[in-house]
**Q** 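The structure under discussion is supplied below as structure tokens; questions concerning it will follow.
Each residue takes its place number in the sequence, starting with 1.
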Amino acid sequence: MRRMSFSITEPQLLDGSKTVTRRLGWKTLKPGDRLLAVDKAMGLKRGERSKILGEIEILDVRREPLREITQDDVNREGFLHLVRHEFIEMFCQAMSCTRDTEVTRIEFRFTPASEAKP
């Protein structure tokens with residue numbers, strides 16, 4: 001199963017406030033796909049392993065310019081304390097992109113590892 005990292009937003013994922021994520025890649029995802037949510041997927045040191053946070057089921061996927069994010073989606077990203085322009089600024093800085101960059105908006109359902117079926 002493919003892994004998706006939530007290194008920046010692990011607390012929001014675990015507390016249930018994150019139900020949407022934006023990514024620069026992930027262009028081939030489709031509704032119904034299942035992924036493992038992990039704390040870190042890239043840049044692991046020799047012998048280091050990802051911590052599995054749970055499983056996500058993809059509900060909706062679409063491509064759109066980052067600047068089109070709504071305040072509702074900022075909230076669904078788990079950033080209730082930010083307004084749109086602050087989220088856009090933070091995302092651009094973290095991902096080295098611009099507000100005009102086309103991103104993949106991914107809506108998902110999260111099942112924590114503690115509740116996942118064996």
Side-chain angles (χ1 to χ4, degrees):
M1 189 177 298
R2 289 177 70 188
R3 294 171 179 236
M4 180 178 278
S5 172
F6 288 87
S7 60
I8 297 173
T9 56
E10 182 178 342
Q12 293 94 325
L13 179 70
L14 294 176
D15 73 17
S17 62
K18 184 169 188 71
T19 59
V20 168
T21 191
R22 281 170 171 69
R23 305 293 168 124
L24 296 181
W26 296 90
K27 296 177 185 178
T28 61
L29 276 182
K30 57 190 179 308
D33 286 350
R34 293 184 175 276
L35 307 169
L36 283 180
V38 297
D39 64 337
K40 186 176 179 182
M42 297 178 67
L44 296 169
K45 295 182 175 89
R46 187 179 188 133
E48 191 176 9
R49 294 179 165 252
S50 298
K51 178 175 79 176
I52 296 173
L53 304 172
E55 189 175 300
I56 61 174
E57 177 187 358
I58 306 305
L59 302 176
D60 185 58
V61 181
R62 67 175 181 254
R63 299 278 293 165
E64 64 186 22
L66 179 59
R67 70 176 179 273
E68 291 185 9
I69 191 169
T70 63
Q71 186 61 50
D72 180 56
D73 258 15
V74 170
N75 297 343
R76 293 183 71 198
E77 286 269 4
F79 292 95
L80 303 171
H81 63 286
L82 297 181
V83 294
R84 284 182 64 248
H85 76 274
E86 292 171 327
F87 177 87
I88 291 169
E89 215 172 275
M90 178 204 62
F91 188 95
C92 290
Q93 187 172 20
M95 304 306 291
S96 300
C97 65
T98 71
R99 62 188 318 274
D100 295 321
T101 300
E102 191 169 81
V103 297
T104 306
R105 179 200 180 270
I106 304 165
E107 184 178 347
F108 60 89
R109 179 180 305 119
F110 175 66
T111 303
S114 61
E115 298 174 19
K117 296 174 189 162

**Q** Minimum heavy-atom separation for G54 to F110, with atom names?
**A** CA-CE1, 3.7 Å

**Q** Within the distance-only criterion (no hydrogens, no angle test), does the side chain of K30 pair as donor or acceptor with the backbone N or O of G32 below 3.5 angstrom?
**A** no

**Q** Below 4.5 Å, heavy atoms only, C-beta onward: do V83 and Q71 meet side chain to side chain?
**A**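 Side-chain contact under 4.5 Å: yes.
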
**Q** Hydrophobic clusters here meaning ILVMFWY residues chained together by side-chain heavy-atom distances under 4.5 Å, can you tell me if I56 and L29 are in one?
**A** yes

**Q** Are I58 and L53 grouped together when hydrophobic residues (ILVMFWY) are joined by side-chain heavy atoms under 4.5 angstrom apart?
**A**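 Linked within one cluster.
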
**Q** CG of D60 to CZ of F108: how many Å apart, nearest 0.5 Å?
**A** 12.5 Å

**Q** State the CZ-CD1 distance between R105 and I69, to the nearest 0.5 angstrom.
**A** 8.5 Å

**Q** Just do the side-chain contact (heavy atoms from CB on, under 4.5 Å) check on L24 and T104 with the steps written out, would you?
**A** CA-CA 6 Å; L24 296 181; T104 306; over 6 Å; no

**Q** How long is the straight-line distance from CD of E102 back to CZ of R62, given to the nearest 0.5 Å?
**A**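 R62 CZ to E102 CD: 12.0 Å, rounded to 0.5 Å.
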
**Q** With a 4.5 Å limit on heavy-atom distance, are the side chains of L66 and C92 in contact?
**A** yes

**Q** Does R23 make a cation-pi contact with F6 (under 6.0 Å, within 45 degrees of the axis)?
**A** yes

**Q** Test salt bridge (Lys or Arg N to Asp or Glu O under 4.0 Å) on R2 and D33; report intermediate values, then the result.
**A** CA-CA 10 Å; R2 289 177 70 188; D33 286 350; 5.9 Å; no

**Q** Taking all atoms of both residues into account, what is the closest heavy-atom pair of L59 and P31, and its distance?
**A**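 The pair with the smallest heavy-atom distance is O-CB, 3.6 Å.
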
**Q** Does atom CD1 of I8 have more than 12 heavy-atom neighbours from other groups under 6.0 Å away?
**A**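 Atom CD1 in I8 is not crowded, with 12 or fewer foreign heavy atoms closer than 6.0 Å.
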
**Q** Return the minimal non-hydrogen interatomic distance between M1 and E55, and the atom names on each side.
**A** CE-OE1, 4.0 Å

**Q** May I ask whether L82 and F91 are part of the same hydrophobic cluster, defined by side-chain heavy atoms of I, L, V, M, F, W, Y residues being less than 4.5 angstrom apart, directly or through others?
**A** yes

**Q** So how far is it from I106 CD1 to T21 OG1, rounded to the nearest 0.5 Å?
**A** 6.0 Å

**Q** In terms of side-chain heavy atoms, does T101 have a donor or acceptor partner in R99 at a distance below 3.5 Å?
**A**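 No donor-acceptor contact under 3.5 Å links the two side chains.
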
**Q** Looking only at heavy atoms, what is the nearest atom pair of A37 and L13, with distance?
**A** CB-CD2, 3.9 Å

**Q** Taking the side chain as every heavy atom from C-beta outward, state whether Q12 and F79 have any atom pair closer than 4.5 Å.
**A**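 Counting from C-beta outward, Q12 and F79 do come under 4.5 Å.
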
**Q** If you take all heavy atoms of R84 and V74, which pair is closest and at what distance?
**A**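 Distance-wise, the nearest heavy atoms are CA-CG2, 3.9 Å.
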
**Q** Calculate, to the nearest 0.5 Å, the distance between atoms CZ and OG belonging to R76 and S17 respectively.
**A** 11.5 Å

**Q** Looking only at side chains, do T98 and D100 share a donor and an acceptor under 3.5 Å apart?
**A** no

**Q** Measuring from atom CG of N75 to atom CG of L80, what distance do you get when rounded to the nearest 0.5 angstrom?
**A** 5.0 Å

**Q** Taking side chain as C-beta onward, heavy atoms only, is L35 less than 4.5 Å from W26?
**A**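 They are in side-chain contact.
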
**Q** One thing to verify: whether K51 and E10 come together as a salt bridge, which I'm taking to mean a side-chain N less than 4.0 angstrom from a carboxylate O.
**A** yes

**Q** Tell me whether the count of non-hydrogen atoms from other residues, nucleotides or ligands lying under 6.0 Å of CD in E68 goes above 12.
**A** yes

**Q** I'd like to know whether CZ of R67 has more than 12 heavy-atom contacts from other residues, nucleotides or ligands below 6.0 angstrom.
**A** yes

**Q** Is any NZ, NE, NH1 or NH2 atom of the basic residue among R22 and E64 found under 4.0 Å from an Asp or Glu carboxylate oxygen of the other?
**A** yes

**Q** Would V61 end up clustered with M4 when hydrophobic side chains under 4.5 Å apart are linked, directly or stepwise?
**A** yes

